[in-house]
*Asks:* 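Pasting in a structure now, in structure tokens, and then I'll have a few things to ask.
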Amino acid sequence: MSYTAHVDTFARDNLPPRDLWPELIFDIPEVQYPDRINCAVELLDKHVANGWGDHPVIYGANGTLTYSQMQEQVNRIAHVLTDGMGLVPGNRVLLRGANSPMMAICWYAVAKAGMIVVATMAMLREKELVDVIDKGQVNAAICDKALEADLLAAQKRCPTLKSIVYFNDPSPEGLEARAAGKPADYNAVDTAADDTVLIAFTSGTTGKPKGTMHFHRDVLAICDCFPKSTVHITPDDICIGTPPLAFTFGLGGILLFPMRVGGSTVLLEKLSPDIMLKAIQDFKITITWSSPVFYRQMSGLAKNYDLSSLKKCISAGEALPVSTRTMWKDASGIEMIDGIGATEMLHIFISAEDKDVRPGATGKPIPGYQACILDADGKPLPKGNIGRLAVKGPTGCRYLADDRQKNYVLNGWNITGDAYRLDEDGYFWFHARTDDIILTAGYNVAGPEVEEALLKHEAVAECAVVGAPDEERGQIIKAYIVLKAGQTASDTLVRTLQDFVKQNIAPYKYPRAIEFLDSLPRTNTGKLQRFALRQTEVKSS
Ligand code: 3UK
């Protein structure tokens, strides 16, 4: 047995069998790590040790923390976890709260104490919490007092969850008071590079959530790949972003990546487009992390703010329509960096830096990762063909005790579930989620391509295109559209939009049915739930 610092070996015991792991590649110098490493030491303690302790690390709603101040709080909370709550390395600790300095501090305290973070989004309700706690056999939770009710209800159904500590709780039992009574220093647990530090749950649309297991070295590998090769992040950078810390897109972009280089981040609980624009202006933000829809919404409001501090804007989570890229460039002057990432891969693996952007394409595999397009049998397809995106690198899919591991890994490749095309110049072009391809009268149509065409029309704020069952054609293309303020739905507008699509892309791709909605169904991570719209179609047919 190889070394582990885990006393509770639940994570190791529930890794997928080795032959079902993807192949892991460590062929660049940036991702060479020793056998024992604790990511909290690398991302936090090292900066203090190197004399960087007075540099701001987190700007929050109630003030600023320096690296030293953050370290001190992390240490005190690590003591609460160990000698206060009696937890041991390898235990799972659930974190529940909106993005805030305290959530970040707790993340590092759990990692530093050799335990495993199970971060959850504030909007999760009792049932979703039960699924996560059960699957991860969660031992303890740290929770915002304001979000107590659903967690207490879940705890009644989850025998493993023995203790909960609350923050934003003024009582003597609250986390703040308990931490204040603890020593300000703490010896980090000497974890193995391949000890699990994070179980991140997928925001899947079907079935029970899948827990993806990531090691200390995986956390460091994502910091040493995309942000360095493509974003060129520096200690002077100040990040902000909309994704929750429980979503690995947010975890990397607005917590781990700036801290890898000694930079800073702004963690605010609620970011509307206006609040985010104001924060960019007030904090002189240099790097933003968000989804295509959010950039689209900000574009219309940007003229009211001074965004001159901005240097890089990263978009991920969903395909970035060219029209959104253009709108944001016109509004902010910035050429966005699109990148595809996945919870299974931990972060972004295909992207292009601003100067190499080819609008409409996601980009090329970032240094450290490889990608190709496979056919249905898992054989590589020649350039130009649409097929299944396959990727490998230093990180990869390891589901916690889940049969679905064999669906994600094929011949050592991670199969993301996306249909992509590789062009002659090595750029990867997103087509659709494999499940989202519409089969209509013998044609394969990608919903996002039709969406992209519709988004160019001035009346359209947002849209989603799915296949609706149809006796004659198998499926017809149906568009759900949210109109911009001031626009009115009408049969004339339906025809106008249909003609507009026919003029922009091959006419057989036009939506035969159009329905107007006030809003589109989205997952907790902000992704369109085309699946939910398809279900409506099946029910009503
Ligand atoms: C889709 C994209 C086209 C794609 C994520 C950055 O989204 C993240 O993780 P999830 O597990 O979803 C993964 C799936 O989302 N997707 C993401 N980015 C793009 N499609 N263009 C993109 N730029 O279907 C992928 O398979 O929620 C993103 C970093 C960390 C993440 N976890």
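Each ligand, and each atom within it, is numbered from 1 in the order the structure gives.
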*Asks:* Under 4.0 Å between a Lys/Arg side-chain N and an Asp/Glu carboxylate O for D436 and R530?
*Replies:* yes
*Asks:* T362 to ligand 1: N or O pair under 3.5 Å?
*Replies:* no
*Asks:* With heavy atoms only and a cut-off of under 4.0 Å, state how F430 meets ligand 1: side chain, backbone, both or neither.
*Replies:* side chain
*Asks:* Check each atom of ligand 1 against the heavy atoms of L346 and keep those under 4.0 Å away; list them by number with element.
*Replies:* 30 (C)
*Asks:* Could an N or O of ligand 1 be found under 3.5 Å from any N or O of A316, whether backbone or side chain?
*Replies:* no
*Asks:* Distance under 4.0 Å to a non-hydrogen atom of I348: what atoms of ligand 1 satisfy this?
*Replies:*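 Heavy-atom distances to I348 below 4.0 Å select 6 (C), 29 (C).
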*Asks:* Considering S315, P292, G253, A319, which one's heavy-atom position lies nearest to atom 20 (N) of ligand 1?
*Replies:*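 It is A319 whose heavy atom sits nearest to atom 20 (N) of ligand 1.
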*Asks:* When only distance counts, is T343 in polar contact with ligand 1, meaning an N/O pair under 3.5 Å?
*Replies:* yes
*Asks:* Considering only NZ, NE, NH1 and NH2 on the basic side and carboxylate oxygens on the acidic side, decide whether E30 and K228 come within less than 4.0 Å.
*Replies:* no
*Asks:* Under 3.5 Å between some N or O of ligand 1 and some N or O of T248?
*Replies:* yes
*Asks:* Could a heavy atom of K527 be found less than 4.0 Å from some atom of ligand 1?
*Replies:*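 Distance cut 4.0 Å: K527 passes for ligand 1.
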*Asks:* Ring-plane angle category for Y508 and Y443, please: parallel below 30°, perpendicular beyond 60°, tilted otherwise.
*Replies:*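 Ring orientation, 0 to 90° scale: parallel.
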*Asks:* For V231 and F226: C-alpha separation, side-chain torsions, deciding distance, then whether side-chain contact (heavy atoms from CB on, under 4.5 Å) applies.
*Replies:* CA-CA 7 Å; V231 184; F226 176 67; 3.6 Å; yes
*Asks:* Can you confirm, on distance only, whether ligand 1 has an N/O atom lying under 3.5 Å from any N/O atom belonging to D418?
*Replies:* yes
*Asks:* Say whether G339, considering both its backbone and side-chain N or O atoms, lies within less than 3.5 Å of an N or O atom on ligand 1.
*Replies:* yes
*Asks:* Do other residues, nucleotides or ligands put more than 12 heavy atoms under 6.0 Å from the NZ atom of K329?
*Replies:*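 No, because the 6.0 Å sphere around NZ of K329 holds 12 heavy atoms or fewer from other groups.
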*Asks:* Determine whether L251 and H347 satisfy the following criterion, side-chain contact (heavy atoms from CB on, under 4.5 Å), listing intermediate values before the conclusion.
*Replies:* CA-CA 9 Å; L251 176 70; H347 219 272; over 6 Å; no
*Asks:* Between the side chains of R358 and D425, is the shortest nitrogen-to-carboxylate-oxygen separation below 4.0 Å, so that they form an ion pair?
*Replies:*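 Yes.
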*Asks:* Could you tell me which atoms of ligand 1, counted from 1 in the order shown, lie closer than 4.0 angstrom to a heavy atom of T416?
*Replies:*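 Near T416, meaning under 4.0 Å from one of its heavy atoms, ligand 1 has 26 (O).
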*Asks:* Applying a heavy-atom cut-off of 4.0 Å, say which part of D338 lies close to ligand 1: side chain, backbone, both or neither.
*Replies:* side chain
*Asks:* Answer yes or no: is there an ion pair linking D402 with R404, defined by an N-O contact shorter than 4.0 Å?
*Replies:*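 Yes, this pair counts.
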*Asks:* Describe, in one word, how the ring planes of F349 and Y369 are oriented to each other, choosing from parallel (under 30°), tilted (30 to 60°) and perpendicular (over 60°).
*Replies:* tilted
